[in-house]
Amino acid sequence: MKKLVLICLVLLVAAPMAMAKKYPSRDITNIVVWGAGGGTDVCNRVVSAEMAAILGVNINVVNKPGGVAGSLGMAEAYGMKHDGYTICGLSESCVTAGVQGGWDKKMDVWYPFIVAGSPDVISVTPDSPYKTLKELLEAAKAAPKTIKAGAGGSGSIHHLNLLAMEKGSGAAFNFIPYPGSAPSQNAAMTGEISCVVTSLAEQAQLIRGGKLRPLAMLTPDGFTIDAIAIPSAFADYPGLSQYLPIMQAIGMAVPADVPEEVKATLSDAFTKALATDKVQQWAKDNYYVINGKTGEEASKEFAKLESLFAWTLLELNTTKVSPEALGIPKP
Amino acid sequence: MEEKKNWLRGVDFYCGIGIMIFGAFVVFEGFGMPLKDSWGGVQNVWYVSPALSPIFVGVGLILLGALLCSIGLREAGGGEIRRVLGAALAAGTLFSLPVQRFVAAVAIPAMYIYVLIPRVDFCIASILFLWSYMMLFYLVDEEGFVGLRAVFALGTALLCAALIVAGRLWSEAMPHAGDLLTAVCTVVFVLRARKISALHGSGAPFWRTLGLCIAATVILAVCFRFFLLVPLPTEGSVIEFMDRIRYNEF
Amino acid sequence: MFILERLGTFFGILGQMAVTPMDIALLFSCTLLGIIFGALPGLTATLGVALLTTLTYGMKTDLALTALLSMYVGAIYGGSYSSILINIPGTAAAAATAMEGYPMACRGEAGRAIGLTTTASAIGTIIGMLFMVCLSPLVSAFALQFTSFEFFLLAFFGILISGTLACPDLVCKGWISGFIGLFLALVGRDRLQFYPRFTFGFSEFDGGIDIVPVLIGAFGIPQIIQVMVNQMKPGEAKPLERVVPEFGKIVRSMGNIVRSALIGVGIGSLPGIGEDVAAWVSYGAAKNASKHPERFGTGCDEGIVATETANNACIGGAIVPLLTLGIPGSPPAAMLLGALMLHNIAPGPMLAMEHPNFLLEVTAILFLAAVTMWIVGISLARHVVKVLTLPPMLFMPIVGLLCIIGSYSLGLSVFNLYLMLPVGILAYAMTELGYPIAPLVIGVILGPMADENLRRALMVSQGDFMPIFTRPVACILFFVIILTFVSQLPVYKRLRTRLADKWTARKTRQVACDTAADFGDNQ
C-alpha cells in the first residue's frame, strides 16, 4: 500500500518534467463555437482533418454553441491551458460577443487563422416580379419599409450586408429577423419574405435547383454558377463600394500568448492544409473563397470587422456594453 | 385516503398563492420590456414586442393559481389549511428522518455538481459521488443512516469549505491539492462506512460495492474521454495519469 | 415504367448491400452502438451522429452513410429502453414512451413493451422510408407550405395536446405545469430582437435553456431521488413472456400505426422540429382518437405504439427535405447534412441530377437498418429486461453519473449541470404534489417555437390574422385545434354520451322488435 502511494507521488511530481516534449505530442481539441453541420463546423472539420494528417496527431472537433455570438465556446477554449492543444473554431460573427455582453475581451487576444469566406448574394423568390437588382431597389425606394427582406439573424454579417446595401443605394426594406441563414432562405422560398441576403455557399444548391433567383453579388466581382451569371451589385450602384464588401471570415484561432513554436508549427500546417487538393476542391465545390491569412494579417482583418460590427450594433441599439468601454475604435 | 387528499388540497392552497405571486412577477418583468420604440433594428408594435409572451404566461399563471387556491379552499376547508401551515412550521417536521434522507439525497448531487466538478479531477469527484450515495442508502439500513449522517455532513461541509475558500489560494502553488483532499475525504468515508455497515448493514457486500464504484467511474471516464473524445470538465491528476498511459509518455 | 425502373434499381442496391460482409458488419455494429447511445440518458442521437461523422471521415461515402444512418435509426429507437426500464428517457424522442412504458414495466410486462416498441419502430422507419422513395415531392411541397403562421399553429396544437394528457390529480395542475414550461422557454434572449428576457444578467442564459438538462432534470432526478429515499427493492425475475407481439395485434393496430407514421413523417419534414415533437403529438392524437382514453398513462399498448412509430417515421420525414432541398428536418438530420458536405455531397435540388441513385441508396440503407434494428432489438429484449432485477439503489447512482456526464457532453457546458439540479428538485416537488411533468417538458420544447413564430407571422402580415384562414395548411391546423379544444369540453362529452346512448337504445329496440316479430311469425 505504501509503495503504491510512493509511486503515485513520484509520478505526480514527474508530470511537469515529462511535459517538455515537441509540439504536438498529444491530440488537439478544436472547439467550434457554432452548431454541428453549419458552415463554420464543416469548414473546421475539413481543414482540421488535413492539418491532423500533416501534424501527425488527431484533431478532435467538438461543438460548443451557445451564449451570444459563440461566447460560451470562446470562453471555454480561452479557459483551457494556453499550450496550443486547444484550438477555437470561430467565424466573423464572434466579434460581436464583446459588445453584446457575452465576453469581456477584444478579439486581439486571439491569434487567428482565416480559412475562407463566401461572398454574399441577394436573391428573390422565383415567382416574384423582380428580375434585376435595379428593379428591386427602385421598388423599395418607391415604397420604403414595405418590401420584406430577410438576412439571417439580427446583427449577423448578412444583416450588416443588407444594411450596407440600404445605405449605399438609398433603399429601405422591412427587415424580418430569423434564427439563422437557413430559416430566412426557407422563408424566401415559401414567399413569406420577398428577398434574402445570405452567403453564396448557403444559397448555392437552392439557386442551382431553381428555388431562388439570384439578383446580384454584394462584392466587386460577379459570379457564375452553372449557366447562371450573377452580376455584381457594384455595376449598377458604384456607391456601394463605400460600404461593401463585408466578407465572411471563417477559421480557427489559438490564444495569442501560446508559445511561438506552437504558432509557427500551426501556421505551417495550416498553410499546407489549405494547399491540399481536398481543401481546394471542397472550397470550389461549395463556393468558398479561400483566404489563408494567419497571425498579424488575420488579426487586422478581425479588428476591422470588430469595429464595423460593434459600432453598427450600437446604432441598432442592441449592444449591452458600449464599444468605447471595450476600447474598440470606430471603423 | 380522504385525509391524504384533504392534506393535498391544503398544500395546494399555499401553492396556488405561490403561483399567483410568481405570475405577478412575470407580468411585472414583462411590462419592463420594450413595448414601443425599436430594438435590434426592428420596429416594435404590441404583437412584435418581446413582452407579449411573458405577459400572456404571467396572466395565465395568476388565473390558474387563483383557481387552484379556490379549489383548495373549497375542498379542504379553512381548518385543514391552518393545520397544514401549523405542521409545516413545526420544528419536528423539519428535522424528521424522512426529511433528512431527502436532504441527503439532494445534497450529494448538489455537492458533486456545484463544488466538486468545477474544481476537482472528474474521476475522484465521481468516486466520491457514487460512494456517498451507495454508502448512505445501499450499504446500510435506516439505523445505519443515522450513524453515518454525522460523518457525511461534517466531511462534506469541511471539504466544500476547503475547496471553495482555500482553493483560490493554493491553485497556483499546488494544482493537485484539491484532488488529494477529496481522495482523503473518500477514504475517511470508506473506513467509517465499513465500521457502521458491519453493525447495521443491509446485507450488501462491502468490497464489491466499493469495487463497482471505482470500476464504473473508470470505465465511464475512459469511454467518454478516449472513445467519445469529450473533454471532461476538470482534468486533474488521475486523468493526466491516464493521458500519459495513452500517449506512452513514460 | 419509371416506377418499375426505380423499384428495380432499389432491389438491386438492396441485394448488393445484403451480401457485402462489410455492409452487414457496419449495419449491425452501428445499430447496436446507436441503441446504446439512445438508451443511455444524456447521450443523444445528434451526439452519436456527430461522433460517427468524425470517425467515418476517412471512409468511402456509402460505407460512412450506412454507419451514420444505422446509428440514427438505432439511437431513436434505443431511447425507449431506458424510458421503459427506469422511467428516464434516453433521448428526448423517447420521453413520451416513458409515460406508457414504465407503468407496463412496473406491471411486469417490460419484455412485451420492448417487443412492441421494437416492432413499432421498425414499421415506423419503413413507412417513413416509403414516403421517402415514393412521395418525396409531396413531402417537400408540404414542407414549403409552412410559414410562420403554420409553425405557430402547430406549436399551439402541441401545447394544447399536452393539456389533455393524463393528469394524476386536478386538470388545472396540468395547465400550471405547462405554463411553467412555457416560462422556462422564455428565459434567454428573444430570437427576433435579442432582447434578454429573465436572464438576470447571467450571460450563460442568453442562449436559452437547453432541452437536454431540462429533460434529464425533470425525468431523471426525481426518479433517482425517489428510488434512493424510498429504498426501492429490485424486481423479481418474472417468467419470460412472449416478446414478439402477435401478428393479429399488429394488424388490429394498423389504424393507429398509419396515423402515427403520417404524423411522424409530416412533422419530420418540417425544418427544426424533430422526433420529440412528433412523438408527443402522435401520443396526444392517439389518445384523442382512442375508444378508451382513460387507459392512457396506466400502461396501454396504443400509446406506446403511437409514440415509437411516430418518432421513427420522423427519420424518413426528416431526410426527405434534407436531400431534396438541403433543409434538415430535425437536429440529427442537421448533423447528417454536415457529414454529407464533408463527403462532398451537397444535398439540395441538384442532388437528383448529380447523384441520381443517392435517394434510393439512402432508402435501401434505411430499410436494412430497420430490419437490423428489429433483429437486434428483439434479441436484446430478454437480456435487457434483466436490468430490472438489479438492486435499484446500486444502479441508480451510476445512472445519475451517466446522466450528468451525458448532459455535459452535449454542449460541454457545466452551466447546464447547474441548471439540471434545481429543475430536478422542482420536478420532484411537482411530482409529489400531483403535477404531471410531461406538459412542462412540452412547454420547454414548443414554447420558443410558438412565441417566435407568432410574433414573426404578425410582423409579416402587419397585425393581420386573416392569413390563418386564407392559407390552406393554416386553415386545416386551425380547425384541428378547434376540434381538439371542443372535444375536451364537458358539453361535448355529454352530447357524445347522449347520442351514443340514444343509438344503443335504438339498436336494442330494433333487436327487440325483430325478436318479437320472429316470435309473432312463429306463433
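All chains are named by letter (A, B, ...) in the order of the sequence lines, taking the proteins before the strands, and each is independently numbered beginning at 1. Computation of the quantities below employed the complete heavy-atom set of this structure, encompassing side-chain atoms and omitting hydrogens, waters and symmetry-equivalent molecules.
- For chain B, the nearby parts of C/Ile176 are the backbone and the side chain; heavy atoms of each come within less than 4.5 Å.
- Using modelled atom types, one side-chain atom of C/Lys173 and one backbone atom of C/Leu433 make a donor-acceptor pair closer than 3.5 Å.
- With B/Thr234 contributing its side chain and B/Phe122 its backbone, the two residues share no donor-acceptor pair below 3.5 Å.
- Partners of C/Ile221 by side chain to side chain contact (heavy atoms under 4.5 Å, CB included), not counting sequence neighbours, listed by chain and number: C/Ile225, C/Met420, C/Leu421.
- Contact of B/Phe56 with chain C is made through backbone and side chain together, with heavy-atom distances under 4.5 Å.
- Residues of residues 9-16 of chain B having a heavy atom under 4.5 Å from any heavy atom of chain C, listed by number: B/Arg9, B/Val11, B/Asp12, B/Cys15.
- Neither the backbone nor the side chain of C/Phe395 has a heavy atom closer than 4.5 Å to any heavy atom of chain B.
- Using a 4.5 Å cut-off between heavy atoms, B/Leu64 touches chain C through backbone and side chain atoms alike.
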Report the C-alpha separation of B/Leu63 and B/Leu67 in whole Å, then their side-chain angles, then the decisive distance to 0.1 Å, and conclude whether the side chain to side chain contact (heavy atoms under 4.5 Å, CB included) test is met.
CA-CA 6 Å; B/Leu63 290 174; B/Leu67 183 62; over 6 Å; no
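- Using a 4.5 Å cut-off between heavy atoms, B/Ile113 contacts chain C through both its backbone and its side chain.
- In this structure, chain B has a heavy atom under 4.5 Å from the side chain of C/Tyr408, while its backbone stays farther away.
- Counting heavy-atom pairs closer than 4.5 Å to chain C, the top residue among B/Ile19, B/Thr217, B/Leu52, B/Leu68 is B/Leu68.
- The contact between B/Leu232 and chain C is made by backbone and side chain atoms together, counting heavy-atom distances below 4.5 Å.
- The aromatic rings of C/Phe465 and C/Phe149 lie tilted to each other, with the angle between the two planes from 30° to 60°.
- B/Arg194 places no side-chain N or O within 3.5 Å of a backbone atom of B/Val190 that could act as its donor or acceptor partner.
- At distances below 3.5 Å, at least one donor-acceptor pair connects side-chain atoms of C/Arg197 with backbone N or O atoms of B/Pro50.
- Checked by atom type and distance alone, the side chain of C/Ser177 pairs as donor or acceptor with a backbone atom of C/Pro436 at under 3.5 Å.
- Residue contact with chain B, scored on non-hydrogen atoms closer than 4.5 Å, involves the side chain of C/Leu186 exclusively.
- Residue B/Phe224 touches chain C through its side chain alone, counting heavy-atom pairs closer than 4.5 Å.
- Under the 30°/60° scheme for interplanar angles, the aromatic rings of C/Phe198 and C/Phe183 are found to stand perpendicular.
- Aromatic pair C/Tyr418/B/Tyr114: ring centres closer than 6.0 Å.
- Relative ring orientation between B/Phe129 and B/Tyr133 is described as perpendicular, the plane-to-plane angle rising above 60° on a 0-90° scale split at 30° and 60°.
- Distance alone, capped at 3.5 Å, is enough to place a donor-acceptor pair between the C/Ser82 side chain and the C/Ala39 backbone.
- Of the two parts of C/Ile425, only the side chain, counted from C-beta on, holds a non-hydrogen atom closer than 4.5 Å to a non-hydrogen atom of chain B.
- Checked by atom type and distance alone, the side chain of C/Asn453 pairs as donor or acceptor with a backbone atom of C/Met449 at under 3.5 Å.
- The most heavy-atom pairs under 4.5 Å with chain B, out of C/Leu182, C/Asn230, C/Leu454, C/Ile398, come from C/Ile398.
- For a residue to count as touching a neighbouring chain, one of its non-hydrogen atoms must lie under 4.5 Å from one of that chain's; by this rule C/Ile404 touches chain B with the side chain only.
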Begin from the C-alpha positions of C/Ser461 and C/Met466 and carry the test side chain to side chain contact (heavy atoms under 4.5 Å, CB included) through to its verdict.
CA-CA 9 Å; C/Ser461 73; C/Met466 278 320 285; over 6 Å; no
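- Chain C forms the most heavy-atom pairs under 4.5 Å with one residue out of B/Gly30, B/Pro109, B/Ala105, B/Pro54, and that residue is B/Pro54.
- The part of C/Pro391 that comes within reach of chain B is its side chain, from C-beta onward, which places non-hydrogen atoms under 4.5 angstrom from that chain.
- Looking at C/Leu47, neither its backbone nor its side chain comes within 4.5 Å of chain B, counting heavy atoms on both sides.
- Only the side chain of B/Pro118 comes within contact range of chain C, with at least one heavy atom under 4.5 Å from a heavy atom of that chain.
- Centroid-to-centroid, the aromatic rings of B/Phe206 and B/Trp131 come within less than 6.0 Å.
- The contact between C/Leu43 and chain B is made entirely by side chain atoms (from C-beta outward), counting heavy-atom distances below 4.5 Å.
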